[in-house]
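Below is one structure; the comments refer to it alone.
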Number of protein chains: 2
Amino acid sequence: MPVTIKDVAREAGVSVSTVSRVLNNSKPVSSEIRARVLAAVNKLNFQPNSLARSLVLKKTRLIGVLVPDIANPFFPVAIAGIEEIANMYGYNILLFNTFGQIEKELQYLNILKEKQVDGIIKMSTQVTEKHEEYFESTSIPMVVTSNCTEREDVPCVVIDDVRAAYDATSYLISLGHKRIGMISGPLDDSAGRDRFLGYQQAMLEHKLNIDFNLLKQGNFKVDSGKKAMEEILRTVAREELPTAIFAANDEMAIGAIGVLLDNGLRVPEDISVMGFDDIFIAPVFRPALTTVKQPIYDIGAVAARKLVKLIEGEKLSETKTVLPYHIIERNSCRRI
Amino acid sequence: MPVTIKDVAREAGVSVSTVSRVLNNSKPVSSEIRARVLAAVNKLNFQPNSLARSLVLKKTRLIGVLVPDIANPFFPVAIAGIEEIANMYGYNILLFNTFGQIEKELQYLNILKEKQVDGIIKMSTQVTEKHEEYFESTSIPMVVTSNCTEREDVPCVVIDDVRAAYDATSYLISLGHKRIGMISGPLDDSAGRDRFLGYQQAMLEHKLNIDFNLLKQGNFKVDSGKKAMEEILRTVAREELPTAIFAANDEMAIGAIGVLLDNGLRVPEDISVMGFDDIFIAPVFRPALTTVKQPIYDIGAVAARKLVKLIEGEKLSETKTVLPYHIIERNSCRRI
DNA sequence: GTGAAAGCGCTAACAG
DNA sequence: CTGTTAGCGCTTTCAC
């Protein structure tokens, strides 16, 4: 039913190869014939079938993107960055939400292979043995973000989460805080683990005691931040409360602040709270969130740029790109 | 290089059609041969090339999704709904960010056609003549959200934005407010237009004056809410200030509240602010946002369900699905 | 410059 | 039940 290259050829009175040539500018075609072909294309409103094209070219101009949780405000921004660059180079995005489930991710990785995507961007979460197998078994270029593996051959774009968390914690310490709690992310997630490591490192290095009662693990969502804070409030005596809380992301920080406020505690007067990411809400939240700003959009954009290079066989100037972060001082932390 | 169905056939000592049959369970195959084929598939780690498959089947199991702005927290949640249902039925998502630009959207629509997607979900923004042409020219099933057209044949899933905005405004009125301003969305966006209409309707019906100085247009982003509020503050005398502001979405409401707070005005004591959408931040924001809750995830899920039905030739029980909304009373609006 | 024909990897008649 | 074969719509040698 749809019009094919054959129809165009017939209409223009030429061969299909000629049509293909003018469509792709792959070989010189006399201007007279070119015009006839173009006219036919227009008249029939022909649109090439990219499946057929891809099948012979072995190129789909498709990039698979795996995110753990698209509803987490971090990822849409990164995806926007990916999309923008990908589009610029003529690639489109096949999106998969893994819910952080490793089996789902593996399953999707297989689908991506079947769909013959030209490349894959895998955002955060862990890299398991199964992944390693996958890396071995396929030659689809892949770049990962927020999580460099030990494998030298898998390019990645990250920030230095450990150092960022170290700096954030040190910032809190420089403000005079000594009892600093942390609401961490899941420890099987690299960002979760690294940020916890950074916190630990800073505490240790400053000879500050880590009170395990002030340590809670969340899942990067608002609710888990709430729960963590509630638990701290419930289990820790008033006078033992931390003077500062470092949350592994802004969402959890916001959840924690809500609970604090609801319990008549003031932020930052009674307790300082520091976030991580600097999502859109951080500057407008009250108190405006003191946080670690990640170049979220750029993470996506750089990953996409890297992947495109990889796909097109260019050399990467560096396989691991570390992007800068900044501590943004706002109003949720105070000097004591 | 990659292993094809031919390789499997050779390995198993059967014909390609037999391999195809066991892979698709399309025809009975003796269990002995089936086992041999499966063994070969495993041994060679064969993965069918879905391009070739799609080319002959004329079915890609791909759904194109067009969103105006993936960074707007509304859409990721809707996308999650789409993804979940689509996946359940074996479809994957091709994502496009249109930035609200109509030409970009049209361009993407063409790409989707070339990519032979089985269906399209188009979220919000307008439906122009060009779109109409597109609808005419293609037979790809499409469902639109947040924006029903006059075309009876294009299924959609929406909430009644006019009535929701009407109810929201009436709610404010019922609280005793008379000077109610509005920060609307772009009027060429259906949600923007309808919500403004609903506001207008409620005001008129309650014989309340609409002060044009209290009307500002934003673009659904936090910053535009800020700007709108700043402008109102700058141009309107203190004693003429509205007692309530209705923002066309939560982001703008949050932006507005920030400006109010920064200017020493209290929310809701001095000015009430009502939002729309109930994005994740609404309940945790301070003051917790009084808003109109849309079933965001469901909008995506229902749209996807509808589209799948359409693709698979099932009858739709209704072409237009109107989902319920609810006014959520929290702390950003007060009775005066 | 242009056309004929092979083939990308798979499915689905059509025979047997 | 199983194999042979003809395409799906396109690109690309290879001749002319």
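Chain A is the first sequence line, chain B the second, and so forth, proteins listed ahead of strands; every chain is numbered from 1.
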When rounded to the nearest 0.5 angstrom, what is the spacing between CG in A:L95 and CD1 in A:I121? 11.0 Å
Taking side chain to side chain donor-acceptor pair (under 3.5 Å) as the criterion, tell me which of B:R61, B:K309, B:E312, B:R305 meets it with B:Y89. B:R305
Atom CZ of A:R36 to atom C1' of C:dG3: distance rounded to whole Å? 13 Å
Can you tell me how far P of C:dT2 sits from CZ of A:R10, to the nearest Å? 20 Å
Can you tell me if NZ on A:K6 sees more than 12 non-hydrogen neighbours from other groups inside 6.0 Å? no
Does C:dG3 have OP1 or OP2 sitting under 4.0 Å from an N or O in the side chain of A:T18? yes
By nearest-nucleotide position on DNA chain C, the 5'-leaning member of A:V16 and A:R34 is A:R34
Let's test your reading of the model: under 3.5 Å, does the base of C:dA12 pair with the side chain of B:S26 as donor and acceptor? no
Write down the distance between CG (A:L51) and P (C:dC10), rounded to a whole number of angstrom. 14 Å
Could you state the atom-to-atom distance from CG of B:L57 to C1' of C:dA12 in whole Å? 10 Å
Shortest non-hydrogen contact from A:P68 toward A:T98: CA-OG1, 3.2 Å
Per the atom types in the model, does the base of D:dG3 pair as donor or acceptor with the side chain of B:R21 at under 3.5 Å? yes
Reckon A:N24 has a side-chain N or O less than 4.0 Å from the OP1 or OP2 of D:dT11? yes
Look at the side chain of A:K6 and decide which nucleotide, out of D:dC10, D:dC8, C:dA4, has an atom nearest to it. D:dC8
Phosphate-side-chain proximity, A:S30 and C:dT2, N/O vs OP1/OP2 below 4.0 Å: yes
Under 4.0 Å, heavy atoms only, any strand: does B:S17 hit a base, just the sugar-phosphate, or nothing? base
Any side-chain N or O of B:K58 less than 4.0 Å from the OP1 or OP2 oxygen of D:dG9? yes
Need one value for B:I33: base, sugar-phosphate or nothing, where a base atom within 4.0 Å counts as base even if backbone is also close, heavy atoms only. sugar-phosphate
Between B:L55 and B:K27, which residue's closest nucleotide on DNA chain D lies nearer the 5′ terminus? B:K27
Other residues, nucleotides and ligands only: do more than 12 of their heavy atoms fall within 6.0 Å of NZ on A:K59? yes
Round to a whole Å and report the spacing from CG of A:N49 to C1' of D:dG7. 14 Å
Looking only at side-chain N and O atoms, does B:T4 come under 4.0 Å of OP1 or OP2 in C:dG9? no
